Amino acid sequence: MAKKPPPGPEDDKRLWRLVASTVTPRAPVKPEKMRSKARIRPSLKSDAALPAEPPTRLASIAPLRLHPEDLKPAAPKPLKGPAGHIEPNRKLRIVKERDPIGARLDMHGLDQDQARATLEAFIRRSFSQGHRAVLVITGKGKIGQGVLRSRTPEWLTDPSLREMVAGVSTADRRHGGEGALYVALKRRV
């Protein structure tokens, strides 16, 4: 049996044309974006407003430029909940009166507006006098859920007082129990 000679270039071309006629061209596919949903396209003021700078090697990573006026500072986080609790050792020193209670405020008989104004003035005055701990007596309320009792920790988280208040905690029984609060004040600088 005689071997066939290897196919020549003409046979290769004919075979290739036969295969190529059966193939349909594929549509060009766009590369899939990694974070297509999270992509933000800020609007630019105008291209003329931005200074012309040579492209950097980061241009492929961050191709968009923002105008400085489009950047807004992040809003400050609002403080949530009551001021932090007093550290356990410090509370123990206040209870045993090793850290003296510098001043006392009794808010019995005050409505909310009067009580808040009085509390703010009291905390500012105590802080300016250098007291480190004060006692605020709110009372328990008629059913045990007094308005002043529940609102006082909220008032102490006000940004104007937050600079002075280090922590708030329920008082010991001999200082008023659940109807009073220890307020630890920060050191004056």
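As the structure is a computational prediction, the values presented were derived from the model and not from experiment. For reference, positions follow the sequence shown, starting with 1.
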Which is it for Glu10 and Arg14 under the side chain to side chain contact (heavy atoms under 4.5 Å, CB included) test, yes or no, and what are the steps along the way?
CA-CA 6 Å; Glu10 290 299 320; Arg14 187 177 53 79; over 6 Å; no
Which heavy atom of [X] sits nearest a heavy atom of [Y], and at what distance?
| X | Y | result |
| --- | --- | --- |
| Gly139 | His108 | CA-NE2, 3.5 Å |
| Ala171 | Leu135 | CB-CD1, 4.0 Å |
| Val23 | Val19 | CG2-O, 3.4 Å |

Is there a donor-acceptor pair closer than 3.5 Å between any side-chain N or O of [X] and the backbone N or O of [Y]?
| X | Y | value |
| --- | --- | --- |
| Tyr182 | Gly167 | no |
| Thr170 | Leu181 | no |
| Thr152 | Arg149 | no |
| Lys91 | Ala184 | no |
| Arg174 | Val95 | yes |
| Ser21 | Leu18 | yes |

Could you state the interatomic distance from [atom1] ([X]) to [atom2] ([Y]), rounded to the nearest 0.5 Å?
| X | Y | atom1 | atom2 | result |
| --- | --- | --- | --- | --- |
| Leu92 | Asp99 | CG | CG | 10.0 Å |
| Glu120 | Leu161 | CD | CG | 5.0 Å |
| Leu185 | Gln129 | CG | CD | 11.0 Å |
| Arg132 | Arg93 | CZ | CZ | 8.5 Å |
| Phe122 | Asp106 | CZ | CG | 10.5 Å |
| Asp172 | Glu178 | CG | CD | 11.5 Å |

So [Y] and [X], do their side chains get closer than 4.5 Å, heavy atoms only?
| X | Y | value |
| --- | --- | --- |
| Leu156 | Leu119 | yes |
| Val134 | Phe127 | no |
| Ile101 | His175 | yes |

Mind running side chain to side chain contact (heavy atoms under 4.5 Å, CB included) on Met164 and Arg124 for me, showing each step along the way?
CA-CA 8 Å; Met164 298 173 246; Arg124 290 180 198 285; 3.5 Å; yes
Checking side chain to side chain contact (heavy atoms under 4.5 Å, CB included) between Val165 and each of Asp158, Thr157, Ile123, which is the one that passes?
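Exactly one option meets the side chain to side chain contact (heavy atoms under 4.5 Å, CB included) with Val165, and it is Ile123.
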